[in-house]
Trainee: 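After the structure tokens below, expect a handful of questions from me.
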Amino acid sequence: MTTRATEGDGVSAEAGAQVLVVEDEPQMRKFVKIALASRGYRVIEAESAREALQHATAYAPEIVLLDLGLPDGDGLSVVEAIREWSKVPIIVLSARGSEESKVLALDAGADDYLTKPFGVPELLARIRVALRHAAVTKDTGESSVTIGPDITVDLLKRVVRRRGEEVHLTPIEYKLLVTLVKHAGMVITHRQLLEHVWGPGSSERVEYLRVYMTQLRGKLEDKPAQPKYLRTELGVGYRLKVED
Ligand code: CA
């Protein structure tokens, strides 16, 4: 296989991707810029919401890292504006304790978030997942997905197997799993899951989610109380953890 051929030289497979970093704190911006540039990413910087939108249109970056607290407005308005014309992956950079603004940004179309302070490996992993997700969404060809070494989901036959054995899921459990699989590695909010699985108008029924998530963990996880794959993102939603 040649897919990992570039790993050895320290440059990521997505090397060369253009990243728009929107952050008003110079130190934070510098930290992110150095981390990304050293891995071969090309970095464009913006310090305000206005500049973010200008650069997003002028450069059409492959991914956007967006601080929510900007001097001339909040990042939420930037997410909303970009989503009017672009599906570019957006990763929100948020301060600890700002769950609400984070959730609003995700519901408005941001793809993931990182809570400050975060480390370089975490930042790079999130970017890789988001870029890969954007690439997969484009060609749609995938019919079978592997979750960890022992769970496979055949999206064509609608069959889930764990260590080779078929797992029987209810239609809701299956829909929930597939929604998570389609966003593998990225966070998905309570509202998004509820609307995907139960339909519009169900976004307040977080208790449904808890019940079905517990059932799904019971069927797929070795230790349902300490899930390896079906992770809770406290106050936000869930994330299907995938091997990087
Ligand atoms: Ca800020």
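Counting convention: from 1, in listed order, for ligands and their atoms alike. Treat the numbers as computed from the prediction; the structure is a model and nothing was measured.
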Trainee: Does D24 bring an N, O or S atom to under 3.0 Å of the Ca ion (ligand 1)?
Mentor: yes
Trainee: L65 and side chain to side chain contact (heavy atoms under 4.5 Å, CB included): which single residue from I90, L114, V32 fits?
Mentor: V32
Trainee: Taking only Lys NZ, Arg NE, NH1 and NH2, and the carboxylate oxygens of Asp or Glu, determine whether R205 and E207 approach each other closer than 4.0 Å.
Mentor: yes
Trainee: Strictly under 3.0 Å, is the Ca ion (ligand 1) approached by any N, O or S atom of G69?
Mentor: yes
Trainee: According to the interplanar angle, ranging from 0 to 90°, do the rings of Y212 and W198 count as parallel (below 30°), tilted (30 to 60°) or perpendicular (above 60°)?
Mentor: perpendicular
Trainee: Which is the closest N/O/S atom of D67 when seen from the Ca ion (ligand 1)?
Mentor: OD2
Trainee: Could you tell me whether D111 and R83 make a salt bridge, using a distance below 4.0 angstrom between a side-chain N and a carboxylate O?
Mentor: yes
